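In this text, all values refer to a predicted model and were calculated from it rather than measured experimentally.
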Amino acid sequence: MLINEHTPPESGKNGIVYRTAPDNAPVNIKPLEGLVEGYPIVFGARTQIGNYFTEEIDPHALDDADLTDIKFMVNHNDGMIPLARHRRGKRSTMDVEVTSQGLHINARLDVQNNSTARELCSAVDREDIGDMSFAFGVKIDGDEWSGLDTDMPHRRVTKISRVFEVSAVNDGAYPQTSIYARSAALDNAKTVLEKARSAAALDNEKRAASEQAALRLAKEKFLFIRSLKNYD
């Protein structure tokens, strides 16, 4: 069965984020029937993104997310034909449901006519593949940061804009024992953290400037009142 051990890094491709499901999110599979079922997204599970920050998905992060078209892929390979697909209002070969635990999927792979589906089921059955991953976008102001002044800040994703796809991946483990371009993805994770810290610093500067302006106004008002009294 598919069991995640680590979280892969963030990808800079079109602002899409890639993450593996947490350790406690087993995926059941029936290789001969091509059925894959489980939770690629689990709420409230904290995981470390490189050496930059920890992250978790808020239980309400999917409340307004676009789940109308989600593909089931291997290793986030956009060039391949999806092994299954959920499409609202159209014929679907994968069902998705948001539960209290997270995003649940039930994919039906065509092992009779699709050699990649057969290969995947065989690899999973042999435990050569052991992770699942999901690709998603985050809304503007859709995350909350804490501990930005520490070595390991924490990011809580509160508003996911869209889930693009879920994937079976070879290896989601750190450090960069990669199957795809992890170094660039880690660089992007670092950029996300730097932007959050810059935004926090800017807020602090604005707050300090506002306090200084208020202090100057109070001082000027005091001097004006005192001058009036002296004049009287």
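Rounded to the nearest 0.5 angstrom, Leu109 CG and Leu83 CG are separated by 5.0 Å. Taking CZ of Phe43 as the start and NE2 of His60 as the end, the distance is 9.0 Å to the nearest 0.5 Å. In this structure, CZ in Phe53 is found 4.0 Å from CH2 in Trp145, a value given to the nearest 0.5 Å.
The side-chain contact (heavy atoms from CB on, under 4.5 Å) check on Ser161 picks up Lys139, with sequence neighbours excluded. For Ile81, there are no side-chain contact (heavy atoms from CB on, under 4.5 Å) partners two or more places apart in sequence or in a different chain. Partners of Leu202 under the side-chain contact (heavy atoms from CB on, under 4.5 Å) rule, at least two apart in sequence or in another chain, are Glu205, Lys206. Under the side chain to side chain donor-acceptor pair (under 3.5 Å) criterion, Asp66 pairs with Thr68, not counting sequence neighbours. Looking at residues two or more places apart in sequence or on another chain, you find a side chain to side chain donor-acceptor pair (under 3.5 Å) between Thr99 and Tyr39. Residues that satisfy the side chain to side chain donor-acceptor pair (under 3.5 Å) test with Arg126, not counting sequence neighbours, are Asp128. With sequence neighbours excluded, no residue forms a side chain to side chain donor-acceptor pair (under 3.5 Å) with Asn114. Partners of Glu56 by side-chain contact (heavy atoms from CB on, under 4.5 Å), not counting sequence neighbours, listed by chain and number: Arg46, His154, Arg156.
Two residues are said to be in side-chain contact when any heavy atoms from C-beta on lie closer than 4.5 Å; Thr54 and Met152 meet this criterion. Residues Thr116 and Met80 form a side-chain contact, since some pair of their non-hydrogen atoms from C-beta on lies under 4.5 Å apart. Side chains of Val98 and Leu67 form a contact here, defined as non-hydrogen atoms less than 4.5 Å apart. Looking at heavy atoms from C-beta onward, Glu144 lies out of side-chain contact with Arg155 at the 4.5 angstrom threshold.
Looking at Asn106, Val36, Ile70 one by one, the single match for side chain to side chain contact (heavy atoms under 4.5 Å, CB included) with Met94 turns out to be Ile70.
Between the side chain of Arg118 and the main chain of Val111, a donor-acceptor pair closer than 3.5 Å is present. When atom types are taken as modelled, the side chain of Ser92 and the backbone of Arg87 share a donor-acceptor pair closer than 3.5 angstrom.
Residue pairs meeting the ring pair (Phe, Tyr, Trp, His ring centres under 6.0 Å) criterion with at least one member in residues 107-132, sequence neighbours excluded, do not occur. Residue pairs meeting the salt bridge (charged side-chain N to carboxylate O under 4.0 Å, His left out) criterion with at least one partner in residues 95-112, sequence neighbours excluded, are Asp95-Arg108.
Closest non-hydrogen pair, Leu193 versus Tyr52, comes out as CD2-O, 3.4 Å. Arg197 and Thr150 make their closest contact through NH2-O, 2.6 Å (heavy atoms, listed as atom of the first residue, atom of the second, distance). Here the shortest heavy-atom pairing between Ile49 and Glu55 reads CG1-CB, 4.0 Å. In terms of heavy atoms, Val74 sits closest to Ser167 at N-OG, 4.0 Å. When all heavy atoms are compared, the tightest approach of Val157 to Ala61 is O-CB, 3.5 Å. Annotation for Leu103 and Pro40: closest pair O-CD, 3.1 Å, computed over non-hydrogen atoms.
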Quiz item: Would Ile160 and Ile57 count as a side chain to side chain contact (heavy atoms under 4.5 Å, CB included) if you check the C-alpha gap in whole Å, the side-chain angles of each, and the deciding distance to 0.1 Å?
Solution: CA-CA 9 Å; Ile160 289 177; Ile57 307 296; 4.2 Å; yes
Practice problem: Evaluate the criterion side chain to side chain contact (heavy atoms under 4.5 Å, CB included) for residue pair Glu165 and Asp78; output intermediate values, then yes/no. | Solution: CA-CA 10 Å; Glu165 48 115 326; Asp78 291 337; 4.3 Å; yes
Exercise. Check the pair Arg85 / Asp69 against salt bridge (charged side-chain N to carboxylate O under 4.0 Å, His left out), numbers first and verdict last.
Key: CA-CA 7 Å; Arg85 191 167 186 170; Asp69 191 351; 2.8 Å; yes
